[in-house]
Trainee: 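Pasting in a structure now, in structure tokens, and then I'll have a few things to ask.
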Amino acid sequence: MDVLVPVLKSHPGKSVLVFALIFKLIHRLLQRLPVPKVVKQDDFKSWKWKNLSVSIVHSLLTGSWALTCSDSLWQPGEEWHVQTGRGTGERHTTVHVLVWPEMLRNLHSYHTPLSYLLVCVSTGYFVHDASDIILTGHGRQSWEFLLHHVLVISCFLYALFTKMYVAGAVVALFVEVNSVTLHMRLMLKLACAQSSSVYHVNKLINITTYLTFRLGTQSYLTWYIVTNYTWLDHALYFLIAMVMMNVMILIYFYRLLCADFFPWSKRSGRPNGPNNNHSKKFPCD
């Protein structure tokens, strides 16, 4: 760790590309796993299944990492880097107490080697996923994901190059806890397993983690930017990005509720018939 992180900080762009290639390798390895027959019969579903498989790996890794890469891993007397003030410089500070709350209180300038590495790894995944969507020709069907990825990549790259908002990026990755069940839900729908007990259990866990880890996290990040707007670096850009993502997750939350808990409201507002092909374009509904 003492050798790796300084190298990442010296070459953040190249480091992100390396992790993107690693996720590309994971994508290839996961293709060897069996796929449900109903998924194989549709090209879009087949691609989506493989794409979601990598997404679940990323969510399991980064979601648990974000929650556990707290500073309680650092023992009293050890040192870590923290940018003070408004990003004017760095200094060494000695840890004498557990400073996990600092990760939540100081989203602007606080970071540890583990948190920096986490953001680097996650940015690599989003670069891989965005390139996979574009290069496979599924940009139109997945434009929502592309927009989300562009916002995330831009914010994370800013954090990696400036070493500011790294803690904010780590907190933002709390949403990946919900992404595990969210991606599992999509895969079960692709496999036409909506009537299974696994789907029903997962949808309850999914809505719970959506409220706590996704809506809760986004609310806290938005509150932090608004209350500290006057002194945060490039606060306007991050506020705009946050508002855009908030709108997206609220729309998705509405669609999620309609699909899993109030299906009659969705059917009443969507015409039935052979011309309705939204299920293929948006399997997340």
Side-chain angles (χ1 to χ4, degrees), residues 26-27 29-64 125 129 132-133 136-149 174-218 247-285:
I26 294 173
H27 181 270
L29 293 175
L30 290 175
Q31 289 185 15
R32 300 180 180 181
L33 297 178
V35 178
K37 185 179 295 186
V38 67
V39 174
K40 286 183 179 180
Q41 296 172 351
D42 186 283
D43 290 338
F44 178 77
K45 286 185 176 182
S46 181
W47 166 79
K48 192 66 179 176
W49 181 276
K50 297 172 184 176
N51 179 271
L52 287 170
S53 299
V54 185
S55 298
I56 283 186
V57 172
H58 168 259
S59 297
L60 285 169
L61 173 65
T62 58
S64 57
Y125 160 75
D129 198 52
D132 180 57
I133 292 173
T136 54
H138 295 100
R140 289 188 63 184
Q141 296 99 323
S142 306
W143 66 268
E144 296 165 274
F145 297 102
L146 275 180
L147 176 59
H148 170 269
H149 287 5
F174 287 1
V175 303
E176 294 302 326
V177 175
N178 167 249
S179 293
V180 175
T181 54
L182 200 59
H183 296 327
M184 187 177 296
R185 171 186 177 274
L186 299 184
M187 294 181 77
L188 288 169
K189 287 183 74 71
L190 289 173
C192 299
Q194 296 96 313
S195 59
S196 67
S197 58
V198 175
Y199 185 90
H200 289 290
V201 172
N202 182 76
K203 77 175 184 179
L204 295 175
I205 300 174
N206 181 50
I207 201 69
T208 302
T209 56
Y210 202 103
L211 289 168
T212 53
F213 288 101
R214 191 169 295 273
L215 290 178
T217 296
Q218 289 290 126
V247 171
M248 291 173 65
I249 68 169
L250 287 174
I251 292 174
Y252 192 94
F253 184 59
Y254 170 76
R255 289 161 56 180
L256 188 66
L257 289 175
C258 289
D260 280 356
F261 297 95
F262 307 104
W264 59 84
S265 63
K266 183 179 178 181
R267 286 195 297 267
S268 63
R270 176 178 295 179
N272 294 316
N275 293 328
N276 180 25
N277 59 358
H278 290 280
S279 59
K280 181 176 180 180
K281 290 187 177 183
F282 300 103
C284 50
D285 287 346

Trainee: To the nearest 0.5 Å, what is the distance between NZ (Lys48) and CG (Asp42)?
Mentor: 12.5 Å
Trainee: Which atom names give the shortest non-hydrogen contact between Cys192 and Val38, and what distance separates them?
Mentor: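 Looking at all heavy atoms of both residues, the closest pair is SG-CG2, 3.9 Å.
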Trainee: Of all the heavy-atom pairs spanning Met248 and Glu144, show the shortest one and how long it is.
Mentor: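 Looks like CE-O, 3.3 Å.
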Trainee: Please evaluate residues Thr136 and Phe44 with respect to the criterion side-chain contact (heavy atoms from CB on, under 4.5 Å), reporting the C-alpha separation (whole Å), side-chain torsions for both, the decisive distance (0.1 Å), and the verdict.
Mentor: CA-CA 10 Å; Thr136 54; Phe44 178 77; over 6 Å; no
Trainee: Flag the pair Leu256 / Arg185 as yes when at least one side-chain heavy-atom distance between them is below 4.5 Å, and no otherwise.
Mentor: yes
Trainee: Taking all heavy atoms of Met187 and all of Trp49, pick out the closest pair and write down the distance.
Mentor: O-CZ3, 3.2 Å
Trainee: Is there side-chain contact between Phe253 and Ile207, with at least one heavy-atom pair below 4.5 Å?
Mentor: yes
Trainee: To the closest 0.5 Å, what do you measure between NE2 (His183) and CG (Asn51)?
Mentor: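 The CG atom of Asn51 is 8.5 Å from NE2 of His183, to the nearest 0.5 Å.
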Trainee: Below 3.5 Å, can you tabulate the donor-acceptor pairs from side chains in residues 198-205 to any protein atom, sequence neighbours excluded?
Mentor:
unit_1, atom_1, unit_2, atom_2, d
Tyr199, OH, Asp260, OD1, 2.6
Asn202, ND2, Thr181, O, 3.1
Lys203, NZ, Asp260, O, 3.0

Trainee: Restricting to non-hydrogen atoms, name the atom on Asn178 and the atom on Tyr210 that form the minimum distance, rounded to 0.1 Å.
Mentor: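 Minimum heavy-atom separation between Asn178 and Tyr210: ND2-N, 3.2 Å.
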Trainee: Of all the heavy-atom pairs spanning Arg214 and Val175, show the shortest one and how long it is.
Mentor: NH2-O, 3.4 Å
Trainee: Distance from Leu186 atom CG to Leu52 atom CG, nearest 0.5 Å?
Mentor: 5.5 Å
Trainee: Distance from Met184 atom CE to Leu60 atom CG, nearest 0.5 Å?
Mentor: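 Atom-to-atom, Met184:CE and Leu60:CG are 7.5 Å apart.
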Trainee: To the nearest 0.5 angstrom, please state how far the NE2 atom of His27 sits from the CG atom of Asp129.
Mentor: 8.5 Å
Trainee: Using a 4.5 Å cut-off on heavy atoms from C-beta on, say whether the side chain of Val57 contacts that of Tyr125.
Mentor: no
Trainee: OH/Tyr252 to CZ/Arg255 distance, rounded to the nearest 0.5 angstrom?
Mentor: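 Answer for the OH-CZ pair, Tyr252 versus Arg255, is 7.0 Å.
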Trainee: Examine distances only and state if a side-chain atom of Ser142 and a backbone atom of Gly139 form a donor-acceptor pair shorter than 3.5 Å.
Mentor: no
Trainee: State, to 0.1 Å, how close Thr62 and Glu176 come at their nearest heavy-atom pair, and which atoms those are.
Mentor: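 Of all heavy-atom pairs spanning Thr62 and Glu176, the closest is OG1-CG, 3.4 Å.
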